[in-house]
Amino acid sequence: MASPPDTSKASKLERYNSYLRRRVSSAKLVAASSYILFRATLIAALLLIFLFLLHSPPLLLSGSHYYSSPHSNHRSLLSSSSASYGGAAWEQDVRRSATPSRADGLSVLVTGAAGFVGTHCSVALKRRGDGVVGVDNFNAYYDPALKRSRQALLARRGVLVLDADINDGALLAKLFDVVPFSHVLHLAAQAGVRYATRNPQSYVASNVAGLVSLFETAAKHADPQPSIVWASSSSVYGLNTEAPFSELHRTDRPASLYAATKKAGEAIAHTYNHIYGLSITGLRFFTVYGPWGRPDMAYFSFTKSILSGKPITLFRMTDGTAVQRDFTFIDDVVKGCLGALDTAKKSTGVAGGGKKRGPAQLRIYNLGNTSPVPVAKMVSILEELLRKKAKKNVVTLPQNGDVPFTHANVSLAERDLGYRPTTDLATGLKKFVKWYVEYYGAETTKRINRKRKIAGDEVEEEGATASA
């Protein structure tokens with residue numbers, strides 16, 4: 001008798017084939033879904049790029065003009081209008097301001113002339129008989145009204161300050177066509193440590209691109225090439241723990257983007273000195289303060305807060321030690337800047353950027369007070385001068401670019417520039433507070449002036465404080 005056919009193998013084969021068909025169908029579905037998802041993502045990305053380009057022009061436009069969003073809280077650092085400059089009357093004004101009144105006087109182009117240090121240096125140069133022309137873009141990093149007041153002050157001293165930007169190469173070239181400047185005092189920069197976390201592009205635009213723009217014009221267009229003195233910063237010492245800070249110490253560990261751009265500036269200066277023979281002197285400023293100062297600096301903002309009864313924030317280290325700064329009064333810094341200008345040797349390059357005739361001078365100096373003071377001590381001095389106690393919030397120093405202390409070794413500047421700081425913090429803050437209450441009309445003006453008159457102090461005129 002025949003046995004029944006074995007259907008188990010056929011059944012298993014059929015189930016396996018069915019399984020394979022389902023897997024193939026599933027794979028096709030996944031592949032189709034992935035393709036559709038890829039196309040949708042690509043279309044969405046292209047749409048986003050289109051919308052970005054439509055509403056946000058590129059960072060660098062023609063002529064290297066930096067784009068600043070209309071929602072930005074300060075004006076573009078690369079915008080200017082060189083087309084508005086020129087003509088016989090304009091050239092006459094520039095030449096008049098640039099012409100020295102003494103036989104051996106310098107003719108100096110000052111960038112950032114409506115800034116804190118720029119204003120004081122411009123007044124000091126003009127007072128001793130040098131010719132000065134200033135440029136400033138009057139950006140709104142802090143109140144432009146203060147910068148306009150400085151501009152008006154300089155105008156009364158016979159110093160022309162043009163509303164222009166250092167990234168406008170055509171404007172710089174035009175200035176050097178009109179005046180053969182013997183020196184450039186380059187102080188224009190995006191300042192501040194903490195602001196870099198909110199607007200980093202502004203630091204690159206001003207402190208790097210702007211410096212290159214100036215060096216390019218000086219090296220390839222100016223005839224003769226000027227000697228250049230420019231503002232670096234003590235911030236380049238970054239995480240350095242050796243004290244006092246010496247120009248021989250390492251500066252390759254910046255603690256902030258601001259410091260990094262200043263360190264980049266020192267490297268760029270070396271390049272233009274080496275290739276084009278520009279005579280370049282860098283000055284590392286240490287916490288400059290005084291009348292007509294910057295509102296973003298602690299001593300300035302603390303004064304405003306104390307007078308208005310608002311709390312101030314003091315930082316301390318995690319181990320409880322105080323944050324210290326080498327506060328340097330503006331009078332002393334001005335003397336250092338002028339000393340650098342007076343000792344700067346001529347550049348050795350030729351107009352057009354041709355082969356230099358020989359090695360050119362390249363220097364770097366600290367300009368500080370050599371006496372670090374706890375920030376809390378600075379507040380105590382302000383409290384005494386303002387006759388009012390501060391409301392203090394003491395917190396641990398955040399990792400936002402600030403460093404625990406600064407301390408300058410100025411032996412090189414003393415040897416080469418004759419630099420000797422003479423103003424202690426109490427004396428310098430007294431001059432600042434006097435200017436502050438007079439400029440802003442603070443409520444304590446009458447009371448402070450009355451106490452000073454009783455003490456026999458004289459009330460200085462605006463010009464005396466502005467020349468500091």
Side-chain angles (χ1 to χ4, degrees), residues 63-64 78 80 82 85-87 90-100 104-113 118 121-122 125 130-137 159-162 164-189 206-231 265 268-283 337-338 340-363:
S64 298
L78 297 182
S80 62
S82 59
Y85 296 117
W90 180 84
E91 292 183 5
Q92 184 178 14
D93 290 340
V94 171
R95 290 194 183 96
R96 182 186 301 112
S97 186
T99 301
D104 57 345
L106 311 179
S107 181
V108 187
L109 174 64
V110 179
T111 70
C121 287
S122 296
L125 288 167
D130 296 317
V132 181
V133 173
V135 296
D136 202 292
N137 71 355
V159 177
L160 173 66
V161 179
L162 303 172
D165 195 281
I166 56 175
N167 277 278
D168 190 338
L171 182 278
L172 291 179
K174 189 177 295 186
L175 282 172
F176 278 100
D177 282 341
V178 175
V179 176
F181 292 103
S182 61
H183 294 73
V184 174
L185 180 57
H186 176 51
L187 301 172
S206 183
N207 302 355
V208 179
L211 184 66
V212 170
S213 174
L214 178 68
F215 283 168
E216 277 286 300
T217 303
K220 300 178 180 179
H221 190 90
D223 188 12
Q225 290 180 340
S227 302
I228 300 175
V229 175
W230 73 286
I268 292 169
H270 180 276
T271 301
Y272 277 83
N273 168 268
H274 173 69
I275 297 176
Y276 300 107
L278 285 179
S279 171
I280 303 175
T281 302
L283 302 175
C337 290
L338 269 60
L341 289 169
D342 291 339
T343 57
K345 294 181 180 179
K346 292 183 178 180
S347 294
T348 62
V350 296
K355 185 178 180 180
K356 63 183 181 183
R357 295 183 294 273
Q361 185 181 53
L362 180 66
R363 306 181 294 174

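- A donor-acceptor contact shorter than 3.5 Å links the side chain of S122 to the backbone of G118.
- Contact detail for C121 and L338: the closest heavy-atom pair is O-CD1, 4.5 Å.
- Using modelled atom types, one side-chain atom of T111 and one backbone atom of L187 make a donor-acceptor pair closer than 3.5 Å.
- Smallest separation of non-hydrogen atoms from I166 and L211: CD1-N, 4.5 Å.
- D177 and K174 are not joined by a salt bridge, as no carboxylate oxygen comes within less than 4.0 angstrom of a charged side-chain nitrogen.
- Looking at P180 and P224, their side chains come closer than 4.5 Å, going by heavy atoms from C-beta outward.
- Summarising the geometry, atom SG belonging to C337 is positioned 9.0 Å from atom CG belonging to L125; distances are rounded to the nearest 0.5 Å.
- For the atom pair L214 CG and I228 CD1, the distance stands at 5.0 Å (nearest 0.5 Å).
- Two residues are said to be in side-chain contact when any heavy atoms from C-beta on lie closer than 4.5 Å; V108 and V133 fail this criterion.
- Residues L283 and W230 are not in side-chain contact: their nearest non-hydrogen atoms beyond the backbone lie 4.5 Å or more apart.
- No side-chain donor from either of H183 and D130 sits under 3.5 Å from a side-chain acceptor of the other.
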Quiz prompt | Worked check of side-chain contact (heavy atoms from CB on, under 4.5 Å) between L106 and D342 | solution = CA-CA 9 Å; L106 311 179; D342 291 339; 3.9 Å; yes
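- With sequence neighbours left out, F181 forms a ring pair (Phe, Tyr, Trp, His ring centres under 6.0 Å) with F176.
- Looking only at distances, a side-chain donor or acceptor of T99 sits under 3.5 Å from a matching main-chain atom of R95.
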Quiz item: Can you check side-chain contact (heavy atoms from CB on, under 4.5 Å) on W90 and V178, steps first, answer last?
Solution: CA-CA 10 Å; W90 180 84; V178 175; 4.0 Å; yes
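- Contact between A360 and T348 at its shortest, heavy atoms only, is CB-OG1, 3.6 Å.
- Among residue pairs with one or both ends in residues 207-219, those qualifying as salt bridge (charged side-chain N to carboxylate O under 4.0 Å, His left out) are E216-K220; sequence neighbours excluded.
- A pairwise comparison of heavy atoms in G134 and A113 identifies CA-CB, 3.6 Å as the closest pair.
- Not one N or O on the side chain of Q225 forms a donor-acceptor pair closer than 3.5 Å with the backbone of S347.
- Donor-acceptor pairing under 3.5 Å is lacking for the side chains of R363 and S279.
- Between the side chain of K356 and the backbone N or O of H274, at least one donor-acceptor pair lies under 3.5 Å.
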Quiz prompt | Test log, rule side-chain contact (heavy atoms from CB on, under 4.5 Å), inputs I280 and F215 | solution = CA-CA 10 Å; I280 303 175; F215 283 168; 3.9 Å; yes
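- Here the side chain of S107 pairs a donor or acceptor atom with the backbone of A98 at under 3.5 angstrom.
- The two residues P226 and L278 have their closest heavy-atom pair at O-CD2, 4.2 Å.
- The structure places CG of L362 at 7.5 Å from OG1 of T281, a figure rounded to the nearest 0.5 Å.
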Exercise. Step by step, work out the side-chain contact (heavy atoms from CB on, under 4.5 Å) result for V94 and L175.
Key: CA-CA 8 Å; V94 171; L175 282 172; 4.1 Å; yes
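- Side-chain contact between I268 and V212 is present, with heavy atoms from C-beta onward closer than 4.5 Å.
- Taken to the nearest 0.5 Å, the OG atom of S182 stands 9.5 Å off from the NZ atom of K346.
- Heavy-atom minimum distance, R357 versus V350: NH1-CG1, 3.3 Å.
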